[in-house]
Every structure is written in structure tokens, then in C-alpha cells.
Asks: 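One structure coming up, written as C-alpha cells, with questions to follow.
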Amino acid sequence: MSSGAVAVPRVVGLGSTAVVESKAGVRDAVRSARREGKTIALVPTMGYLHEGHLSLLDQAREAADWVVLSIFVNPLQFGPAEDLGRYPRDLERDLAMASAREVDLVFTPGVGEMYATGGAEVTVAPGRLADRMCGASRPGHFEGVLTVVAKLFGIVQPDVAIFGQKDYQQATLIRRMVEDLDLPVEVKVAPIVREEDGLAMSSRNVYLTPEERVPALTLSKGLARCRALFEAGETDAEVLRESLRRTLLSAGVEPEYTDVVDGGSLEPVERAVSGVVCVVAARVGRTRLIDNTILP
Ligand code: AMP
């Protein structure tokens with residue numbers, strides 16, 4: 001086993017999963033896999049895994065021979081008033097799930113390992129794509145995200161990395177970072193996995209009380225209504241925005257934003273056409289929820 005491993009390869013069922021805390025340990029393990037001619041896929045997460053994360057792992061398995069899952073709650077992407085301290089964590093459960101999915105390596109660095117120099121003095125500036133939507137409500141968030149993703153790309157050096165459409169703005173920014181910085185990684189984006197009732201899966205859903213489930217569902221319901229309106233011929237983006245907004249307000253949910261934006265530039269559009277994205281964010285109780293849908 002390579003240096004930095006905190007466990008001998010864990011064996012569950014047919015699969016064996018190595019768990020590594022150090023960057024050096026990851027580099028060793030990746031080097032061995034490369035020597036065997038394997039291609040590498042990376043799935044970056046903050047853990048507390050759910051079916052959405054698992055779908056990314058499945059896509060990673062299809063895209064490459066050797067799958068790395070990273071679990072790191074990145075302080076750099078949380079604002080001072082945000083939920084860093086209470087972000088849900090259950091490493092043991094995550095490792096069991098990763099192992100059942102036959103992940104080859106789980107990278108679980110501590111903050112000190114990830115930011116070994118004491119912080120990130122040099123960071124990745126997201127530019128204008130971060131000006132609106134989540135970037136506007138969470139100043140510094142995307143700089144933190146891009147910085148940690150760039151670091152993970154540097155540590156793992158994957159051929160392909162998988163992200164979720166659930167975080168549409170994030171995925172768009174990561175694609176743009178890879179283009180603008182000429183990073184040698186192929187970025188794939190996987191569809192949103194939902195609960196049976198339509199709620200987009202999120203680690204933060206665990207914060208929701210049973211009573212909050214009903215207002216929380218207005219996000220996915222409002223988006224479904226936008227899609228239905230569009231499919232019935234409505235192309236005025238303002239009508240879709242207003243419909244989305246009203247769906248949330250009808251259940252007493254004050255939207256943080258509702259918008260209908262171009263899928264590439266994230267700029268608001270006047271006309272809804274195929275590929276345009278309806279986006280929404282709102283706080284339900286103490287839980288911040290986001291969701292989106294790409295118009296068919
Ligand atoms: P997180 O652990 O929340 O940072 O998410 C890690 C990755 O999983 C990101 O690329 C997310 O976009 C993706 N993800 C989160 N929720 C879902 C979901 N419901 N469906 C698909 N992907 C998701």
C-alpha cells in the first residue's frame with residue numbers, strides 16, 4: 001500500500017477500495033494505476049453521499065478504468081455566515097457506499113493536508129460567470145470551488161472529471177476554467193437525480209424538517225411548470241420567471257433568485273428556446289436549496 005493510506009484496501013463484496021488521506025498517497029496510487037495503463041476518472045464531492053453522487057460514480061466508471069472519489073468539505077467555499085460547521089458528515093457510511101460502488105480510491109484529506117501552506121494565497125478567479133445567481137448570493141463561493149477543484153485536478157491528474165447538473169453554475173464555471181487555463185481534463189456533467197417526490201437530492205436535504213418538505217418541493221414543482229409552459233408554446237422568458245416565482249411564493253417561500261438564462265453565458269434571456277436553463281434558489285427554514293432544469 002502506498003504511503004499515506006489510512007487503511008489497507010477495504011474489501012466489501014467483490015470490490016476493494018483504498019482510502020488515502022495524503023496527497024502523496026494519492027499520487028503514488030495514481031502512478032501505479034497509470035503504469036498498468038489505466039485511465040483515471042475523478043468525482044469531487046463534500047461527502048454525505050446520496051444517489052446523486054453515486055450516479056456520478058457510475059458515470060465515472062463508464063468513462064475510465066480507475067475511479068477516484070474525493071471527499072472534502074472545503075472551507076474556502078463557505079462564507080462566514082454559512083453552514084461549514086454543521087455541514088453533514090458521515091465518513092464511515094460514505095466509505096461503505098464507495099466500496100459497494102467499487103470505487104478504486106477515496107481521497108479524504110484534512111484541511112491541513114489540503115491547504116498545507118496555511119491557506120490558498122493564489123486562487124482561481126471565476127470572472128463574470130460568477131457575477132449572478134449563486135455567485136451573487138455567496139460572495140467568494142466560486143473562487144473557493146474553482147481553487148479546490150484546480151488543486152484536486154493537480155493532485156489526481158484525472159483524464160476525466162464528473163460533476164452534477166444540479167450545480168449548473170458550478171459545472172459551467174469548471175468547464176470554463178478548464179478551457180481558459182488549458183487544463184488537460186475532460187469535464188462531464190451528469191443529470192440531476194431526484195427524490196421520488198421530485199426534490200433534487202442534496203446532502204443538505206437532511207436539514208429539512210418533515211413540515212419543510214412541502215415548501216421545499218415548490219422549487220422542483222415550479223421548474224416542472226416552466227417546462228410544461230414551454231412545451232405548451234410559451235417562449236416569453238419573463239412569463240416563465242414569474243411562474244417560477246409565484247410557485248414558490250404560493251407556499252410562502254421567498255426565492256433568493258429565479259431566472260431563465262442562456263446555458264453557456266448564464267445571462268438572462270428574453271426568449272426561451274431549447275437549451276435555455278431555468279434556475280432557482282431559495283431558503284426553506286435554515287436550508288438553502290438550489291435546482292434547475294434545461295428546457296428540452
Ligand atoms: P457536493 O457533495 O454537494 O459538493 O456535490 C458533489 C457533486 O455531486 C457535484 O458535482 C454536484 O453537482 C453533484 N450532485 C449533487 N447533488 C446531485 C444530484 N441530485 N444529482 C446529480 N449530481 C449531484
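Small disclaimer: the values here were computed from a predicted structure and weren't measured. Order of appearance sets the numbers: ligands from 1, and atoms from 1 within every ligand. These values consider heavy atoms only, across backbone and side chains, with no hydrogens, waters or symmetry-generated copies.
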Asks: Report the nearest protein non-hydrogen atom to atom 5 (O) of ligand 1: residue, atom name, distance rounded to 0.1 Å.
Replies: His53 NE2, 3.4 Å
Asks: Would you say the side chains of Asp159 and Thr39 form a donor-acceptor pair under 3.5 Å?
Replies: no
Asks: Could you give me the CA-CA distance, side-chain angles and deciding distance for Tyr48 and Asn205, then say whether side-chain hydrogen bond (donor to acceptor under 3.5 Å, both in side chains) is met?
Replies: CA-CA 11 Å; Tyr48 210 72; Asn205 291 352; over 6 Å; no
Asks: Can a side-chain donor-acceptor contact be found between Tyr87 and Asn74 if the only test is distance below 3.5 angstrom?
Replies: no
Asks: Quiz question: by atom type and distance under 3.5 Å, do the side chains of Glu21 and Thr108 form a donor-acceptor pair?
Replies: no
Asks: Side chains of Ser22 and Glu113: donor-acceptor distance under 3.5 Å anywhere?
Replies: no
Asks: Specify the protein heavy atom at minimum distance from atom 13 (C) of ligand 1: its residue, its atom name, and the distance to 0.1 Å.
Replies: Leu56 CD1, 3.6 Å
Asks: Would Arg194 count as a contact residue for ligand 1, given that I'm defining contact as a non-hydrogen atom of the residue lying under 4.0 Å from a ligand atom?
Replies: no
Asks: Examine the side chains of Arg225 and Ser243 and answer whether a donor and an acceptor come within less than 3.5 Å of each other.
Replies: no
Asks: Heavy-atom distances under 4.0 Å are what count here, so tell me which part of Pro191 touches ligand 1: side chain, backbone, both or neither.
Replies: backbone
Asks: Where does Val43 meet ligand 1, judged by heavy-atom distances below 4.0 Å: at the side chain, the backbone, both, or neither?
Replies: neither
Asks: Which residue and non-hydrogen atom of the protein lie closest to atom 23 (C) of ligand 1, and at what distance in Å?
Replies: Lys166 CB, 4.0 Å
Asks: Is the ring pair Phe163/Phe153 parallel, tilted or perpendicular, if the boundaries are 30 and 60 degrees?
Replies: perpendicular
Asks: Can an N or O of Met201 be found at a distance shorter than 3.5 Å from an N or O of ligand 1?
Replies: yes
Asks: Just by distance, with hydrogens left out, do Thr258 and Arg245 show a side-chain donor and acceptor under 3.5 Å apart?
Replies: no
Asks: Identify, for atom 20 (N) of ligand 1, the protein heavy atom at the shortest distance, and state residue, atom and that distance.
Replies: Val193 N, 2.9 Å
Asks: Got the closest protein heavy atom to atom 10 (O) of ligand 1, with its distance?
Replies: Gly164 N, 2.9 Å
Asks: Would you say Thr147's side chain and Val124's backbone share a donor-acceptor pair under 3.5 angstrom?
Replies: yes
Asks: Identify the protein heavy atom lying closest to atom 6 (C) of ligand 1, giving its residue, its atom name and the separation to 0.1 Å.
Replies: Pro44 O, 3.4 Å
Asks: Give the residue and atom name of whichever protein heavy atom lies nearest to atom 4 (O) of ligand 1, and the separation in Å to one decimal.
Replies: Met46 CG, 3.6 Å
Asks: Identify, for atom 12 (O) of ligand 1, the protein heavy atom at the shortest distance, and state residue, atom and that distance.
Replies: Asp167 OD2, 2.6 Å
Asks: Check each heavy atom of His50 against ligand 1 and say whether those closer than 4.0 Å belong to the side chain, the backbone, both or neither.
Replies: side chain
Asks: Below 4.0 angstrom from a heavy atom of Phe163, which ligand 1 atoms are there? Numbered from 1 as shown, please.
Replies: 10 (O)
